[in-house]
Amino acid sequence: AAALLIDIHGQHEHQSLLHKDKHLAILDQFAREEMAPVKDALKDSYREYMILKKEMDGAITDEGKRLSEISFLQYQIEEIENANLQDGEEEQLDKAFRKMSHARQMMESIASAHGMTGYEGASSAGDLVGRALRELSSVEKYDEAIGSLISMLTDIDGLLNDFNRELADYESGLTFDESVYHETEDRLNLIQRLKSKYGSSISEILAHQDQCQAELEKLNDYENYLSGLYRRLDEAETELKELSDRITAIRKANASVLQEKIKAALVDLNFLDVQFSIDFQETAPGPEGFDEICFLISMNPGQPLQPLQKVASGGELSRVMLAIKTVLADKDAVGTMIFDEIDVGISGRTAQKVSEKMAVIARSRQVICITHLAQIASMADTHFCIEKKIVDQEAKTFIRRLSDEESIEELARILGGAEITATVRQSAREMKELAVCTKKY
């Protein structure tokens, strides 16, 4: 948001004019309002074009490789299809396999328990309970209390008989089929092998099959896929060129205005015989269109227009950048402009012209300038002195507003150096008075 309010011109910013990319950015900034919607559409169009181009680069392959990919995809699909996998199948098989793996132990233990709780054998629980009942019954006639004990033991005998019968039923249903056992084991091994190749679960294996099927359909219908991709890429390229043409038209229309404004600003900055032009060259389409531009300048009569970066000195670049900043500020209506040592490489009459130009700019916006040239400093309405002092063994920076007399003293210090004479002070006063008169016109 600060960029909308303040334009800062750093002391080395003019060096960016040595790069042609900066020239394009300056022109686009000048034409920003007109080209903004088209430029946004161009960037979206270029992004879509590059996505399709990347897909096309990956799609163009030789026939042998395509057939090899088809064969490999078919193998994967057939391998998964032949397995006839079902979701949840592995859990059920694993449970059944664990049971069959312990079937022999289960059969032996249940048979033993059946014998222990049955009625066959002198030591079986059923036979012992029966014998206990007979013993109690033989003495029941001697004590009525024995009858209740007999009743309890009779209940136990009945429960034991029921338990033994149910255990026999369970035992009869418990079988071990070795062929089923091996089939289950083989099925689990198959699932494990497919998991190691295509996914960590049956659902992932089936999802991989779907992906292979989709890729196979695309390769089998390769000609249609490729022709469709060519058509989409051609449409995207056409749209990209149309938008680039629109951007170029906007740029050229604005370039003719911008070059005249910059030329006029340069004349104000003591380029008396200057010629300035914006040259267009076409490059490969990109997110900014296919324009490459270069600022051309001639600073002397009879001198042909040449690229700015080849013929301008540091001081001349600084003035050119000031001219550009002035034009762009008028376009963007920036409220505040900050110039940090705009006086690089200039002096004398040129410095005076720069100060006059800055005074003109200051009529419509706030200008803050950091300078070491008296010609520029004298043109300011208000002066501030920035100085460093050592306070408690620490360097601190102070800024204070100067009175009129203090301003003249500082101008004299800039003009006179170490020794400030009365003559120097008088020159500084005259320079300040001349600046005041200049700003009235």
Side-chain angles (χ1 to χ4, degrees), residues 54-55 58-121 123-126 159-226 228-229:
K54 183 177 181 180
E55 184 178 354
I60 298 176
T61 182
D62 59 79
E63 185 66 11
K65 184 177 179 181
R66 184 173 75 90
L67 294 176
S68 176
E69 289 180 356
I70 288 175
S71 177
F72 183 59
L73 288 169
Q74 287 175 334
Y75 166 76
Q76 294 181 80
I77 292 170
E78 289 174 5
E79 185 177 34
I80 297 173
E81 281 183 345
N82 292 337
N84 193 27
L85 300 174
Q86 305 295 324
D87 277 330
E89 175 187 8
E90 186 179 15
E91 291 77 8
Q92 295 176 3
L93 289 171
D94 191 57
K95 182 178 179 181
F97 182 75
R98 285 199 305 271
K99 182 177 178 180
M100 285 187 285
S101 297
H102 299 88
R104 190 180 302 277
Q105 180 183 352
M106 291 173 63
M107 293 174 70
E108 291 176 354
S109 296
I110 290 170
S112 179
H114 181 259
M116 292 176 182
T117 58
Y119 293 86
E120 298 177 1
S123 62
S124 63
L159 289 172
L160 185 61
N161 186 46
D162 291 341
F163 170 77
N164 189 259
R165 187 170 53 253
E166 289 189 17
L167 189 59
D169 291 340
Y170 182 82
E171 184 182 12
S172 65
L174 188 63
T175 59
F176 177 76
D177 189 329
E178 191 166 351
S179 63
V180 174
Y181 173 78
H182 288 304
E183 287 175 3
T184 304
E185 184 179 30
D186 291 343
R187 182 68 174 172
L188 285 171
N189 288 337
L190 171 63
I191 293 173
Q192 190 60 40
R193 187 171 67 254
L194 293 175
K195 284 169 61 177
S196 68
K197 296 170 67 175
Y198 305 124
S200 60
S201 65
I202 288 180
S203 60
E204 289 188 12
I205 294 172
L206 296 175
H208 180 77
Q209 179 187 359
D210 292 339
Q211 292 173 1
C212 290
Q213 189 65 47
E215 187 67 21
L216 181 62
E217 290 174 1
K218 186 168 69 173
L219 288 173
N220 282 330
D221 195 27
Y222 190 71
E223 294 302 325
N224 288 335
Y225 161 71
L226 200 59
L229 188 56

Going from CD on Q74 to CD on Q213, what distance comes out if it is rounded to the nearest 0.5 angstrom? 9.5 Å
Looking only at atom types and distance, does a side-chain atom of R66 sit under 3.5 Å from a main-chain N or O of N220, one as donor and one as acceptor? no
Find the distance between CG (D210) and CD1 (I80) and round it off to the nearest 0.5 Å. 9.0 Å
Is there a side-chain contact between R98 and D94, using heavy atoms and a 4.5 Å cut-off? yes
Checking S124 side chain against G118 main chain: does a donor-acceptor pair fall under 3.5 Å? yes
Scan E215, Q211, H208 and name whichever one has a side chain to side chain contact (heavy atoms under 4.5 Å, CB included) with Q76. H208
Quick check against the 3.5 Å criterion: does S112 have a side-chain atom that pairs as donor or acceptor with the backbone of E108? no
So do E90 and Q192 actually touch side chain to side chain, heavy atoms under 4.5 Å? yes
E91, CD: over 12 other non-hydrogen atoms inside 6.0 angstrom: yes
Contact summary for T184 and L93, nearest pair of heavy atoms: CG2-O, 3.7 Å
With a cut-off of 6.0 Å (strictly less than), are more than 12 heavy atoms of other residues, nucleotides or ligands near OH of Y225? yes
Measuring only between side-chain heavy atoms, which start at C-beta, is M116 closer than 4.5 Å to N164? no
If you round to the nearest 0.5 Å, how far is CZ of R165 from NE2 of H114? 10.0 Å
Interatomic spacing from CG in L229 to NZ in K218 - rounded to 0.5 Å: 9.0 Å
How long is the gap from OG on S71 to CG on L219, to the nearest 0.5 Å? 11.5 Å
Less than 4.5 Å apart, any side-chain heavy atom of L190 and any of D186? no
Could you tell me whether a side-chain N or O of S172 sits under 3.5 Å from a main-chain N or O of D169, the two making a donor and an acceptor? yes
Hey, could you give me the CG/CG distance between D162 and L167, rounded to the nearest 0.5 Å? 12.5 Å
E217 backbone acceptor or donor facing D221 side chain under 3.5 Å: no
Between I202 and Q86, is any pair of side-chain heavy atoms under 4.5 Å apart? no
